[in-house]
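Just so you know, these numbers come straight off a predicted model, no measurement behind them. First listed ligand is number 1; within each ligand, the first listed atom is number 1.
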Amino acid sequence: MREVVSDAFYQRFGQAPTVVVRAPGRVNLIGEHTDYNDGFVLPMAIDRAVWIALRPRPDQRVLLHSLDFEQAAGFSLDQLRHENAGWVEYCRGVAWALQEAGYSLAGWEGVMAGNVPIGAGLSSSAALELATARAFAAVSGWPWEAATMARIAQRAENQWVGMNCGIMDQMIAAAGRAGHALLIDCRSLATEAVPLPPGTVVVVLDTATRRELVESAYNERRAQCEAAARFFGAPALRDVTLAEFEALAGQLDPIIRRRARHVISENERTLQAAAAMCQGDAVTLGRLMDASHESLRQDFEVSRPELDTMAALARQQPGCYGARMTGGGFGGCAIALVETAAAPDFTTQVAAAYQAATGRQPKVYVCTATDGAEVV
Ligand code: GLA
C-alpha cells in the first residue's frame with residue numbers, strides 16, 4: 001500500500017511525497033458494547049489500513065484524492081462547513097474537532113488508499129479519521145498523543161459524522177501495538193499491551209454480509225444500558241458487579257436485564273481474557289470468546305444468522321480455540337483464535353463450509369497485530 005499511494009502521489013504531483021502516514025483497522029478479541037459503558041475492551045490493530053501520501057501546502061487548504069473512490073475532495077481550514085460529501089466528511093470532521101480542541105492546523109495535499117473493507121465491522125472510518133489526524137500532526141508540527149487524538153477523532157465521528165460510537169475503534173487505531181492486543185480501560189483510557197498466546201493467530205471471517213440499519217439499533221442499545229445504570233444508581237454499567245446485578249436483576253424489565261447482563265458479564269470476561277493472554281492460555285481465551293458470542297447473540301441481540309453460522313463452523317475445525325462476532329454486530333466479520341500450524345487448513349475449510357451452508361462467498365484470512373497510526 002505504501003508504494004500504491006507513493007506512486008500515485010508521484011504521478012499527480014511530479015515529486016515524491018514528503019510524508020506517508022497509515023492508520024489501521026481493527027478486530028476486537030473481546031469486550032463488545034462495553035466501551036460506551038465505561039468498561040473494558042481488548043482490540044488489536046490489524047495489517048489493513050488507510051494510507052495517505054502527502055506534502056504540506058503553504059495555504060489553509062486540504063486537498064485529498066481517494067484512489068478507492070476515484071474522487072478528489074478538498075476543504076478550506078478557514079471555513080469548515082458540513083457538506084454531506086461522503087468520505088471527506090470524516091477528514092473535515094477531524095479538522096473541525098482538532099480546531100475545537102485548540103490545535104492550529106497547516107494545509108496539505110495528498111493521495112489516499114486503503115484496504116480496510118468498508119461496512120465489515122473492521123473500523124474503516126476510525127482508520128480514516130486517525131490517518132487524517134496523523135497527517136495533520138505531521139504537517140502542523142505537534143507531537144502525537146494517541147489517547148488525545150482518539151478522543152478528538154471520536155468527537156469528529158459523534159458530532160460531525162453523527163455516529164454515536166464509543167472510544168474503542170479510535171483508541172486502537174491511534175494506539176495499537178505490533179504483536180499485541182490492547183486492554184483498554186474506556187474510562188481512563190489506560191492501556192496494557194497483551195501478547196497473543198504463543199503459537200496462535202487471529203483469523204478474520206468476513207461473512208460477506210454488511211451492517212444495515214445499525215445506527216438506530218446501536219443508539220437503542222446505548223439507551224438501554226444507560227437505563228440499566230440508572231436503575232442501579234451507578235454512573236455506568238462498568239460500576240455494577242455481577243453480584244450486585246444478580247441481587248436486583250429480578251426487578252429489572254426483561255430486555256434491560258439481558259442488556260445489562262451482557263455488559264456486566266462481558267467486562268468480567270474481558271479482564272479474564274487479558275489475564276489468560278498474559279499466561280499464554282489459548283484455551284481459556286478461546287472459551288471466553290465463545291461465551292462472548294453467545295452473550296451478544298442471546299442477551300444483547302446484535303448478532304445475525306450468518307455470524308452465528310460462521311462462528312459455529314469455525315469452532316468445529318481442528319485447531320480452533322474459539323470464535324465470535326467482532327465489532328458492533330448485525331453483519332460483517334467474526335474472528336477465530338486458531339493454532340498457527342492449523343491455520344492454512346482452517347481458512348480453506350471454514351470458507352468452504354460457510355459457502356456450502358449459506359451460499360455466500362466469505363473472505364477468510366489470517367491477520368497480524370500492527371502498530372497504531374504512524375508516519376512510515
Ligand atoms: C462499534 C463502535 C464501538 C463499539 C463497538 C461495539 O464498533 O464504533 O465504539 O461500541 O461497536 O463494541
Chemist: Can you confirm whether I152 sits close enough to Y103 that some side-chain heavy atom of one is under 4.5 Å from a side-chain heavy atom of the other?
Modeler: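 A side-chain contact under 4.5 Å exists here.
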
Chemist: Do P362 and E306 have side chains that approach each other closer than 4.5 Å (heavy atoms only, starting at C-beta)?
Modeler: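 No, every pair of side-chain atoms sits at 4.5 Å or beyond.
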
Chemist: Who are the ring pair (Phe, Tyr, Trp, His ring centres under 6.0 Å) partners of W144, not counting sequence neighbours?
Modeler: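 Scan of W144 (ring pair (Phe, Tyr, Trp, His ring centres under 6.0 Å), adjacent residues dropped) gives none.
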
Chemist: One thing to verify: whether R134 and E374 come together as a salt bridge, which I'm taking to mean a side-chain N less than 4.0 angstrom from a carboxylate O.
Modeler: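 Between R134 and E374 there is no salt bridge, as every charged N stays at least 4.0 Å from the carboxylate O atoms.
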
Chemist: Return the set of residues passing ring pair (Phe, Tyr, Trp, His ring centres under 6.0 Å) with F300 (not counting sequence neighbours), or none when no residue passes.
Modeler: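 Checked F300 against ring pair (Phe, Tyr, Trp, His ring centres under 6.0 Å); matches are H33, H262.
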
Chemist: Show the distances, to 0.1 Å, for all pairs joining an N/O atom of ligand 1 and a protein N/O atom that are shorter than 3.5 Å, listing one pair per line.
Modeler:
{"unit_1": "ligand 1", "atom_1": "7 (O)", "unit_2": "R26", "atom_2": "NH2", "d": "3.1"}
{"unit_1": "ligand 1", "atom_1": "7 (O)", "unit_2": "D169", "atom_2": "OD2", "d": "3.0"}
{"unit_1": "ligand 1", "atom_1": "8 (O)", "unit_2": "D169", "atom_2": "OD2", "d": "2.6"}
{"unit_1": "ligand 1", "atom_1": "9 (O)", "unit_2": "D35", "atom_2": "OD2", "d": "2.5"}
{"unit_1": "ligand 1", "atom_1": "9 (O)", "unit_2": "G166", "atom_2": "N", "d": "2.9"}
{"unit_1": "ligand 1", "atom_1": "9 (O)", "unit_2": "Y218", "atom_2": "OH", "d": "3.4"}
{"unit_1": "ligand 1", "atom_1": "10 (O)", "unit_2": "D35", "atom_2": "OD1", "d": "2.8"}
{"unit_1": "ligand 1", "atom_1": "10 (O)", "unit_2": "D35", "atom_2": "OD2", "d": "3.4"}
{"unit_1": "ligand 1", "atom_1": "10 (O)", "unit_2": "Y218", "atom_2": "OH", "d": "2.6"}
{"unit_1": "ligand 1", "atom_1": "12 (O)", "unit_2": "E32", "atom_2": "OE2", "d": "2.7"}
{"unit_1": "ligand 1", "atom_1": "12 (O)", "unit_2": "H33", "atom_2": "N", "d": "2.6"}

Chemist: Restricting to salt bridge (Lys or Arg N to Asp or Glu O under 4.0 Å), what partner residues turn up for E268, sequence neighbours left out?
Modeler: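 None.
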
